[in-house]
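Reckoned from all heavy atoms, side chains included, excluding hydrogens, waters and symmetry mates. Predicted model, so just to flag it, every value in this text is computed and none were measured.
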Protein chains: 2
Amino acid sequence: MNAASNRQHFRGMLAGQRLRITRQREAVLGVLAEAGAPLTVESVYLKLRERDAAICLSTVYRILATLAGKGLVTKSSTPADHRSRFALTTDRHCHHLVCLGCDRRVPIADCPLKELEQALHRNTNFAISGHTLEIYGYCPACQETNA
Amino acid sequence: MNAASNRQHFRGMLAGQRLRITRQREAVLGVLAEAGAPLTVESVYLKLRERDAAICLSTVYRILATLAGKGLVTKSSTPADHRSRFALTTDRHCHHLVCLGCDRRVPIADCPLKELEQALHRNTNFAISGHTLEIYGYCPACQETNA
DNA sequence: GTAACTGCAAACCCTTTGCAGCCCC
DNA sequence: GGGGCTGCAAAGGGTTTGCAGTTAC
């Protein structure tokens, strides 16, 4: 997808949720689209500053909270790191294998929890709305470094 | 287990890790033992105050950090809540079904991830050190309240 | 024009830390 | 007695908020 069509896509996403199209919101969506993986609020902010986008950190927070509320981005949090991370919401539900050394993230193809959730609903009558799953460890490169 | 034997047990846990036995540490262990589920630092602190135990919040933080370092308690963090929680370390590895309405936590018997972790290790050569899994939704009572 | 949005700075919550005094060993 | 532990208060990091000015519609 090129820059121009990306931009059209972002505008459609915002308009579809009755959100105003602002330079800042487009820029945040652009950074998340390029990243592909969940980013901390601070790194979104820093990437924007690198590309000379004038924006305030609290605005990044507000934009991400708004977009998360509309479901356009998804918030996640890592153990061993108290900062929130955000990524564009994808249709595909997916988890990550996270390296505790270098923060590299490898997507995991399947979600093994659908059956478990159905069983839990039957057993407990909870209305299950979601789950978090993250597997962490050290990638081959970081294992060598720390050895 | 009655109060006296609990107390003996706590002393053994502390001494076994070469930690000094203090009134505050015994009290923190007592609160966690009664709770059974992971507690926030603040709720540990409040429960101690309720029972007239003179203790400072930062001491609770320090005690829990120390005990977690020795493996006597286990730290966990919930999505949708940036606060850490602590529970007595149990032999049994276990996850929870959490109610987003009232914070009630129901333990889930099995961990469905052992096989997945082994497969991931084979495929990626990551040294896998752990995972987080939490399933959330609304318990029957909260479903009625919000209906 | 007007409501939504942004920038700025201050406030907020959770957590950590420096230091002086206390208490377990 | 001495070092580990605690209380207190202040600082730290991430996040939220009040308000005035700006901008999209």
Separation of C:dT15 atom P from B:R83 atom CZ, nearest Å, is 8 Å

What is the nucleic acid contact for B:A54, judged by heavy atoms within less than 4.0 Å: base, sugar-phosphate only, or nothing?
-> sugar-phosphate

B:E42 has an atom CD; how far is it from atom P of C:dT15, in whole Å?
-> 9 Å

Of A:R20 and A:C56, the one whose closest nucleotide on DNA chain C sits nearer the 5' end is A:R20

Between A:Q24 and A:I63, is there a donor-acceptor pair closer than 3.5 Å when you use the side chain of the first and the backbone of the second?
-> no

Tell me: CD1 of B:I63 to C1' of C:dC23, nearest whole Å?
-> 14 Å

Has the side chain of A:R23 got a donor or acceptor atom that lies under 3.5 Å from a matching backbone atom of A:A53?
-> no

Flag, side chain of B:H96 to backbone of B:R105, donor-acceptor distance under 3.5 Å | no

Please state whether the phosphate of D:dC5, meaning OP1 or OP2, lies under 4.0 angstrom from any side-chain nitrogen or oxygen of B:R25.
-> yes

Send over the distance from A:R23 CZ to D:dT22 C1', rounded to a whole Å.
-> 11 Å

Side-chain N or O of A:Q24 closer than 4.0 Å to phosphate OP1/OP2 of C:dG7 = yes

Taken to the nearest whole Å, CD1/A:I55 to P/D:dT22 is 18 Å

Which nucleotide in the list D:dG7, D:dT16, C:dC14 gets nearest to the side chain of B:Y61?
-> C:dC14

Donor-acceptor pair under 3.5 Å: do we get one between B:R62's side chain and the base of D:dG4?
-> no

May I have the distance from B:Y45 (atom OH) to D:dG7 (atom C1'), rounded to whole angstrom?
-> 10 Å

Please report, rounded to the nearest Å, how far the P atom of D:dA10 is from the CG atom of B:L57.
-> 16 Å

Would you kindly compare B:T22 and A:L19 by the position of their nearest DNA chain D nucleotide and give the one closer to the 5′ end?
-> B:T22

If you look at every heavy atom in A:R20 and A:R25, which pair is closest and at what distance?
-> O-NH1, 3.1 Å

Does B:S84 make a side-chain N or O approach to OP1 or OP2 of C:dT15 shorter than 4.0 Å?
-> yes

Distance in angstrom units between B:H82 NE2 and D:dG12 C1', rounded = 16 Å

Presence of salt bridge, A:R85 and A:E134, under 4.0 angstrom | no

Side-chain donor/acceptor of A:S58 to base of C:dC8, under 3.5 Å = yes

